[in-house]
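All residue numbers refer to positions in the sequence shown, counting from 1.
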Amino acid sequence: MCRPEIRSDGSRMDAEGDGSRTAARDFETLRIRRVSGSATGVNSVVAEAVPAPGEGSGAERSSGLMKSSALMAAGTLVSRLTGFLRTLVMGAALGVGTLNDTYQVANTLPTMIYVLVGGGALNAVFIPQLVRSMKEDSDGGAAYANRLITLVVTFLGSATLICVVAAPEFIRVMSPSMATHPDQMRVAVAFTRYCLPTMFFMGMHVVMGQILNARGRFGAMMWTPVLNNILIIAAFGSFAWVFGTASRSGISASTITPQGIRLLGVGTLLGLAVQALAMVPYLRDSGFRTRLRFDWRGHGLGKALGLAKWTFLFVLVNQAGMVVVTRLATAAGATAEKTGHPGTGITAYNYALLLWQMPQAIITVSVMTAILPRIARAAADGDHGAVRDDISQGLRTSAVAIVPCAFAFLALGVPLIQLLYAGAGEEGARNIGFVLMAFALGLIPYSVQYVVLRGFYAYEDTRTPFFNTLVVALVNAAGSFAAYLLLPARWAVTGMALTYGLAYVIGVGVAWKRLRGLLGGDLDGRRVVRTYARLVGAALPASLAAGSVAGWLMTAIHTPAVAALTALAVGSTVLIALFVLLARLMRISEVDAMVNMARARLGR
């Protein structure tokens with residue numbers, strides 16, 4: 001098995017050209033290849049760090065980063081698609097009434113608690129610590145990683161036991177109305193006691209994934225969630241096969257059997273357990289051996305936990321902001337539905353938000369997962385110029401897909417939602433489409449802020465991201481209140497979606513200024529702004545043309561499903577073709593790299 005070889009001599013050379021200064025320390029590009037026939041019996045993903053030529057063009061550097069992100073993006077895409085399929089099977093099995101509500105509340109609780117008690121810290125704090133230990137410790141960071149695993153097992157294991165015992169109290173806090181109905185309360189508590197242990201396996205999956213990421217192995221963390229979705233689909237599919245679909249059985253909280261609850265609960269728990277355990281062969285394949293170590297004192301874990309307090313506050317602020325939006329959106333949706341406008345409440349907000357976030361999860365997160373260990377190494381070396389170059393590259397590389405996706409949501413939001421959520425009814429789906437359109441352009445600052453905040457985490461600064469998130473949450477809450485008070489009820493949630501993006505515009509301004517100061521006043525701003533401006537210049541006319549064609553087709557074809565499918569297919573083709581054409585004419589190097597890579601892969 002080929003091991004990652006990371007080389008950097010720390011030297012730098014500034015070179016003028018295309019507005020950038022190229023680091024002449026061995027600039028690392030990550031090359032992904034598959035290796036078959038490993039001891040695990042499966043295809044293992046190996047990330048090899050290869051020095052790139054010091055004078056490589058921006059397109060070549062972007063192409064290298066895209067190759068390193070391709071496998072992760074594919075895994076995330078498959079995970080998201082199977083996640084959508086999972087929701088369809090859940091709806092068929094349980095319907096969309098109060099019985100499904102009990103499961104949704106139960107299944108949401110472990111994620112909320114996990115993120116609050118430590119999930120944010122694992123995601124944001126420990127990669128820099130792992131990279132530092134790999135660089136500085138004589139054992140390559142193995143002891144530090146084992147101490148971290150032991151800490152997670154001990155802490156999350158204890159928290160899980162306490163939460164399972166307290167399940168009824170959690171239901172009362174999450175849904176007082178549910179707690180007043182004995183059957184719903186009984187089912188919700190039963191589901192919760194099956195679902196809460198998944199928070200332990202969430203933590204184990206994340207910490208093992210972070211260890212693999214720090215060692216240059218990125219694919220496993222992106223692909224293993226697919227196993228979780230498949231097992232949950234199997235559980236709910238089996239439920240529908242045994243008990244019948246909700247439309248035929250009329251199943252409710254008062255008629256569901258203990259065996260049915262057990263089937264769904266065990267399936268949910270088994271899905272997360274398998275997702276976590278599937279990481280173990282990849283860890284072994286990387287040469288890492290897991291051993292419990294309780295010698296936590298004096299080895300840097302206390303420092304990491306100190307940094308994590310700001311991440312906890314970061315998560316807490318986000319949760320508080322969503323509570324405000326949920327309360328307002330629920331009230332507005334209930335009022336609007338009484339006047340014949342379905343799909344204008346919190347369900348519309350959540351459905352549109354889930355779809356809107358997909359490009360971020362598939363593209364930006366994949367790009368930055370590949371590049372973050374490199375940024376952390378440069379930050380540990382005190383090489384501000386290298387951090388700047390990598391942040392700039394992450395912004396420009398992700399923008400190639402993020403910008404056209406944002407404009408695609410704006411132009412094609414209604415036919416897209418009407419096709420995906422046809423079961424909500426034509427009027428309800430159209431209203432959800434309007435919410436997605438309002439979210440659309442906010443995707444650009446949302447993605448930019450994600451990349452910029454990675455710069456602070458590389459320097460182990462979790463305080464600045466907290467204050468930045470506080471600004472975003474306050475602006476979003478104030479904007480949501482304004483939308484609720486000033487707009488008609490049917491448009492209030494659409495206004496809330498618009499203010500969500502505007503909040504991130506302000507957040508990016510604050511974060512950019514602070515990171516530029518941290519890096520000595522230079523964040524490659526001119527080059528980044530020029531790239532985004534040119535991408536917007538290509539996407540705007542493309543989206544106008546696509547939206548016009550799609551709108552005409554939606555009115556010309558009288559069968560709603562056929563109209564939505566045709567409008568989406570033709571509109572997407574127009575948008576992509578015109579965007580690529582204009583981008584090539586503008587000679588946007590990052591788009592050239594993406595097109596060339598696609599051609600090379602299709603030509604194989």
Side-chain angles (χ1 to χ4, degrees), residues 1-4 30 32 34-36 38-47 68-69 71-80 82-83 110-111 114-115 118-127 129-131 133-134 140-157 160 197-232 268-293 361 365-366 369-370 372-373:
M1 178 62 64
C2 179
R3 299 282 182 86
L30 296 173
I32 300 291
R34 286 188 175 275
V35 179
S36 301
S38 65
T40 64
V42 297
N43 285 337
S44 300
V45 179
V46 180
S68 70
S69 306
L71 187 63
M72 292 181 290
T76 305
L77 177 61
V78 174
S79 177
R80 291 283 174 151
T82 53
T111 302
Y114 160 72
V115 171
L122 284 176
N123 279 314
V125 174
F126 286 103
I127 268 196
Q129 294 287 338
L130 285 167
V131 171
S133 67
M134 288 177 64
Y144 181 92
N146 275 315
R147 292 185 186 100
L148 178 58
I149 289 176
T150 307
L151 181 65
V152 170
V153 168
T154 304
F155 181 68
L156 280 183
T160 298
T198 63
M199 63 186 281
F200 173 83
F201 294 106
M202 289 179 199
M204 293 307 301
H205 179 259
V206 169
V207 72
M208 288 189 285
Q210 300 290 41
I211 293 170
L212 284 169
N213 287 348
R215 290 168 174 261
R217 307 287 182 94
F218 303 108
M221 196 172 186
M222 302 298 178
W223 280 95
T224 47
V226 177
L227 299 174
N228 173 39
N229 289 332
I230 290 173
L231 285 169
I232 293 178
T268 301
L269 177 56
L270 187 62
L272 264 296
V274 170
Q275 174 180 305
L277 294 174
M279 303 289 283
V280 174
Y282 290 96
L283 276 177
R284 290 184 174 276
D285 207 35
S286 71
F288 181 81
R289 294 295 179 267
T290 304
R291 296 178 179 85
L292 293 180
R293 298 193 59 150
V365 173
S366 297
T369 300
L372 184 56

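- Nearest approach of Gly157 to Phe200, heavy atoms of both residues: N-CD1, 3.7 Å.
- Asn228 approaches Gln275 most closely through the heavy-atom pair CB-OE1, 3.1 Å.
- Contact annotation: the side chain of Phe201 approaches that of Leu269 to within less than 4.5 Å [non-hydrogen atoms, C-beta and beyond].
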* Chi angles and distances behind the side-chain contact (heavy atoms from CB on, under 4.5 Å) call for Leu212, Leu283 -> CA-CA 7 Å; Leu212 284 169; Leu283 276 177; 3.8 Å; yes

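- Closest of all the heavy-atom pairs between Leu227 and Ala278 is CD1-CB, 3.7 Å.
- Contacts of Ile149 classified as side-chain contact (heavy atoms from CB on, under 4.5 Å), with partners at least two apart in sequence or in another chain: Asn146, Val153, Met204, Val207, Ile211, Phe288, Thr290.
- Listed by chain and residue number, nothing satisfies the side-chain hydrogen bond (donor to acceptor under 3.5 Å, both in side chains) test with Thr160 (two or more places apart in sequence, or in another chain).
- The CG atom of Leu270 sits 5.0 Å away from the CG atom of Leu231 when rounded to the nearest 0.5 Å.
- Partners of Thr82 under the side-chain contact (heavy atoms from CB on, under 4.5 Å) rule, at least two apart in sequence or in another chain, are Val78, Val226, Asn229.
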